[in-house]
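Here is the structure we will look at.
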Amino acid sequence: MNENAGDSPNKPRAIVVGHGEFAGGLVSAVGQICGMADRLVVLSMMGMTPEDIEQTLRDQLARTGAQVIFTDLPAGSATIAARRIVKDTPGLVLVSGVNLATLLDFVFNTEIPPTDAARAAAERGKASLIVVGR
Amino acid sequence: MGIHLYRIDDRLIHGQVVVGWGQPLNIRLLVLVDDMVAASDWEKELYRMAVPPEMEVRFADVATAIRDHAKYASDARPGLILTGDIGSMHRLVKGVNAIGSVNLGGIHQRAGRTEKLRYIYLTPDEERQLKELEAAGVEVTAQDVPSARAVPLAEVLEGATR
């Protein structure tokens, strides 16, 4: 493993947060497919104020040492909160618009730092969107 | 087209606003009325990036929004005016004196507030301001998303609908 990767195989590498049960469902799918759900922290923001969302995210980042936040919608409250944190937290990366392909690529890519893995995973996630049919 | 929705939501611009309401109402003009956001270039950029490209977002403090309300209302595009707190909407409604309805979309738990609905918590002073609006002829209802029932203020204050 790259020395800069800086995490053990089972240490959480990212926080996943979104509307409703989105984050839990997505991480559950990661676990079902590859058994690596423990590398992701699920955060629900239902019923929370913007300040609560931001503080909870900050608390979870401090607790887990995660360097990446995945959110669902660019317009979401979690994305807004995460952008506030990224502004004053060097070395933290936010990926908005996360999908299952993004997370799967991310959890497998442990040979590079999580922030680099997140950027690569975002590209994989974009490429996974396909349209079939006329 | 005019303003289709006047909404109070402490999350300001977020999914329920731009997608949940924005798409069915075909909103093309979003006016965020908030003194703090209007005074900060960084805050404005933060929320501007949360808005889809087909929707124009404008930022105004309450005084400016009162002054410019007629322009918003006469804009050819369907519009939505959003405040993050009851006090700002109360000032806007009183200052404009032409707003017929207000949507309570999300006012969440904070110290001093009591739960009324799953997504509505109010202090006694906030309750008073909402009652004042209704007494002035403004229809006040709580409705987080378009598919939900619009709950009249009286029911909201009873806290009976969960």
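Labels below follow one simple rule: chain letters A, B, ... track the order of the sequence lines, proteins then strands, and each chain is numbered from 1. Computed from heavy atoms alone, side chains included, the values below leave out hydrogens, waters and symmetry copies.
A/P50 is listed as a side-chain neighbour of B/D10, based on a closest heavy-atom distance under 4.5 Å. Contact check for A/R84 versus B/E43: side-chain heavy atoms found under the 4.5 Å cut-off. Between B/Y119 and A/M46 the shortest side-chain heavy-atom distance does not fall below 4.5 Å. At a threshold of 4.5 Å between non-hydrogen side-chain atoms, the residues B/R110 and A/T49 count as touching.
There is no contact between A/T79 and chain B, counting heavy-atom distances below 4.5 Å. Using a 4.5 Å cut-off between heavy atoms, A/L73 contacts chain B through its side chain alone, with no backbone atom that close. Contact of A/M48 with chain B is made through the backbone alone, with heavy-atom distances under 4.5 Å.
Atom CD of B/E45 has more than 12 neighbouring heavy atoms from other residues, nucleotides or ligands inside a 6.0 Å radius. The 12-atom threshold is exceeded at CD of B/E132, counting heavy atoms of other residues, nucleotides or ligands nearer than 6.0 Å. In A/R124, the CZ atom is not crowded: 12 or fewer heavy atoms of neighbouring residues, nucleotides or ligands sit closer than 6.0 Å. In B/N97, the CG atom is not crowded: 12 or fewer heavy atoms of neighbouring residues, nucleotides or ligands sit closer than 6.0 Å.
Minimum interatomic distance between A/P74 and B/A50 (heavy atoms only, all atoms of both residues): O-CB, 3.7 Å. The shortest heavy-atom contact between B/H14 and A/S77 is CB-OG, 3.5 Å.
At a threshold of 4.5 Å between side-chain heavy atoms, the hydrophobic network of Ile, Leu, Val, Met, Phe, Trp and Tyr places A/V93 and A/L61 in two separate groups. At a threshold of 4.5 Å between side-chain heavy atoms, the hydrophobic network of Ile, Leu, Val, Met, Phe, Trp and Tyr places B/I107 and B/V93 in one connected group. By the rule that hydrophobic residues join a cluster once side-chain heavy atoms approach within less than 4.5 Å of another member, B/M36 and B/F59 end up as members of one cluster. One hydrophobic cluster, built from ILVMFWY side chains closer than 4.5 Å, holds both B/I8 and B/L153.
Rounding to the nearest 0.5 Å gives a distance of 7.0 Å between CD1 of B/I13 and CD1 of A/I80. The CE atom of A/M45 sits 9.5 Å away from the NE2 atom of B/H108 when rounded to the nearest 0.5 Å.
Proximity of a side-chain donor or acceptor of A/R83 to a complementary backbone N or O of B/L46 within less than 3.5 Å is detected.
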